[in-house]
Structures are given as C-alpha cells and as structure tokens.
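As structure tokens, the structure follows; a few thoughts come after it.
Residue numbering restarts at 1 for every chain, and letters A, B, ... go by the order of the sequence lines.
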Amino acid sequence: MGTLGELERAVMDAIWDASGAVSAYDIKDQLAADGRELAPTTVLTVLSRLEKKGFVTSDRSARPHRYAALGSRADHTAELMHSVLGEGGDRTAVLERFVGGVSDEDAAVLRQLLQRNG
Amino acid sequence: MIGAITWLISQSRAVSEAVVIPHGLIILGAVILGLIAVALAWPVPVMLVRASWPARMPVMSLLLWQLIGLAGGSSMIGALALVGLAIAPRHPWYAMIPAALFAAYLLAHLGVTMFQVTRQRHRHLALLQLLTSPHPTRTRTRVIDETTPVAYCLPRGMQSVTVLSQGLLDRLDPDELVAVIAHERAHVEQRHDLLLLAFRAWRAALPGFPIAARAEAEVAALVEMLADDHARREVHDQVLARAILAVGASGVPGSDCPESESTRMSDRFRRLAG
C-alpha cells in the first residue's frame, strides 16, 4: 500500500464527501483545499483505477466527465466488517483474526487465571 | 504427490516390461495402501482430535496433520493406481486413469481454493486501502475507524497487513496491544495462511466428509496456539488473557459468534490458565 493507495483514499474521500457526481477538476480543487496539490492527470489516473476496481462509476456523456461513488463509505465499511466478523471457515482462510467469540465458559476460565494471579 | 504419480507410472512401465511382479502382489499392495488410506482418513484423525496432548505440542500436531493429509492423499492415489493395474495389467496407461483423475481432482480443488482466497484478499485489500489509515508508528499496520474491537491480519506474503480497529486501540492498554500485535505477526511470519489454505482445499474437495472439516477446525485452533505462544514470549500470560477477554468475551460487540464449537479452540484458552 504505497502512496498510490493513499491517493486513492484521498480521491475517494473527496467523492464521498461531495453531494452527487463530480468532475476530476472538482476533486482536484477539493484536495487542493485540503492542502494536497495534484495534477489533473494524476486525479484522472486515480479515478480510472478506482473505476476499474468498481468503486466509482463515470458519466462520459458529460463534459468534463463526471464521477460518482458506487456505494457509500458506510456500505463499504459494512462489507469489510462483514468479511471480518462473518462466520465460517471461508473467513479463516482469507484473514486471521486475533480472537473470535469466546464462550462464557472459556471466559470464566480466563477470568479465573486473572484472579488467581491477582 | 506428482512425484509419487511419476514414480508409479515408471513402476508400472517396469511391471509391463518385465512382468515379473505376480498379480497377487499387486493386489496385496493395493489392499495395504487402501487400508493405510482408510486409516488416515478416519481412525487416525479421530484419535488426534480426541487426544489432549496436541494443545501442549502445537508444532508437533501441525506437522502430524500435514503428514496425515499428504500421506492420506498419496496412499489413496497409490491404492487406486494398483487397483487399476490389478484390473488391467496389460494396459498400464489405462490402469492409471482412476489414480490420475483422483490426483487431478485434489489438485484442481487446491487451485480453485487458492484462486478464491487470492481474489477475496485482493478485494479486501482494495477496501482497506480506501477505508483505513496507516498506523502512526507501526509499519504495515492500518487502523479502521470502527468501534467494534477487532484485530486481524491479511496475509499476502511480503505485503501482509495487520488491521486494528479504533475500538480495539481504545479498549486495550499498551501491553495488551503488544500481545495482539505479536500474535498477528506470528501468523504472518510463520505463513499460517498456507496451512489453512491447504486444509480448506481438502475440506472443499471432500464435502460431506466430516473429518476434513474437523481437521480444518483443528488446524485453525493449533495455529492460534502457535501465535499465542509467540505473544507469550513478549508478554505475561495474564496480559494475553486480558487482551483475549477484552476482544472476544460476550458483551463485546462482534463477539457473538463463538469459535469454541471445537474443544480444541477451548484448549487455546485453557492452556493459558494451566
């Protein structure tokens, strides 16, 4: 996850924060207001990457082209958390969680350990 | 496995050329290999699941599980090859068809599972890029702005990333966080993902075969124990226990699906207390 990843996040944040579809120039201005100066071509490159990944959709009939988010930030967070917290062995192979649920019985065992050692 | 197949094919050639191996010996070999395959498919794994020592020796147990998986698959392929040879001794190439089909079936499942897991990780990484910020001090660690306390790693070889939620950072003291991170780093460094992938593929290849699912659950629990042991070198057992309770105990958001359906996962917690 290099700088390109961080750029994608900044551009996506700008799209999510905007109401409705925006052009690459709107995004460029928005990012400049946040103190990040980018060339328009850079913004367009990042946008095409985001489009390829299925995070934004573009309206190419408009001049300049307008971009909108496919799904809100909350939608994507929900998808991410679902793949983390969801059940089943499918998840186990994709990512490794520190701990899933601890049953009440197991929690009692652990609390006993903590009490015993003060 | 491929080595075994080529070996068998070369053996079968030798058989067809020399025709010195009596037919009875081939049948005997098929029966012996078949018995080994059956033993490794059922009684041996069941014994290992029921034993209590694997919780004390997770490294040894994981080696055994890998051995059982590899030897079980190979003996099954070998038995099929010998059965084929016993039925069609004059056509060794045709005789190898059942064995080759079974081997191809297993390999195909491994390939499909690898493809699926890689694709899911790719999607997950793309989401992480958009939704998480880099941890201010720790490399290859990202923070997601979520109140649910979660910590996990997404294994991708050199690009592996550890993800912590803001809820976790708020809930744990610095020592407990060290325990969590040491645990996750062990998963990444010891490539536990490859083990889990292999056993998931085995389960996918043998649906309706409960032992494969048990084996996968067993390996998943043993891998957690290894990662715990790694964390225990850096923090006291009590600190790790506190971290586990803070993240997984009931009442904590996101803890509503207990992993303790396998007794081995309970062993993970018991061995801390033992």
Do [X] and [Y] come close enough that some side-chain heavy atom pair is under 4.5 Å?
X	Y	result
S160(B)	E96(A)	no
L130(B)	K53(A)	no
H183(B)	V99(A)	no
V84(A)	I144(B)	no

Give a yes or no answer on whether the side chain of E184(B) reaches the backbone of F98(A) with a donor-acceptor pair at less than 3.5 Å.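 Answer holds: yes.
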
Any side-chain to backbone donor/acceptor pair from R9(A) onto T132(B)? Under 3.5 Å, distance only.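 Yes, the answer is positive, given that a donor and an acceptor are paired below the 3.5 Å cut-off.
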
Between atom [atom1] of [X] and atom [atom2] of [Y], what is the distance when rounded to the nearest 0.5 Å?
X	Y	atom1	atom2	result
E79(A)	H124(B)	CD	NE2	9.5 Å
L128(B)	H76(A)	CG	NE2	12.5 Å
D75(A)	L127(B)	CG	CG	11.0 Å
D106(A)	M265(B)	CG	CE	10.0 Å
L95(A)	R156(B)	CG	CZ	13.0 Å

R123(B) atom CZ: more than 12 heavy-atom contacts under 6.0 Å: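 Counting neighbours around CZ of R123(B), more than 12 heavy atoms of other residues, nucleotides or ligands fall under 6.0 Å, so yes.
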
For the pair E105(A) and R270(B), find out whether any cationic side-chain nitrogen is under 4.0 Å from an anionic carboxylate oxygen.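 Yes, this pair counts.
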
For the pair R142(B) and E6(A), find out whether any cationic side-chain nitrogen is under 4.0 Å from an anionic carboxylate oxygen.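 A salt bridge links R142(B) with E6(A).
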
Heavy-atom contact with chain B under 4.5 Å, split by part of Q112(A):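 Contact with chain B is absent: no heavy atom of Q112(A) under 4.5 Å.
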
Chain B contacts, top residue of L80(A), D13(A), V109(A), L50(A) (heavy-atom pairs, under 4.5 Å):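 Highest number of heavy-atom pairs under 4.5 Å: L80(A).
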
Contacts of R119(B) that satisfy side chain to side chain donor-acceptor pair (under 3.5 Å) - sequence neighbours left out: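 By the side chain to side chain donor-acceptor pair (under 3.5 Å) rule, R119(B) matches no residue at all.
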
Looking only at heavy atoms, what is the nearest atom pair of R121(B) and V94(A), with distance?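 The answer is NE-O, 2.9 Å.
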
Shortest non-hydrogen contact between A241(B) and L110(A), atoms and distance: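 Where A241(B) meets L110(A) most closely, the heavy atoms are CB-CD2, 3.9 Å.
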
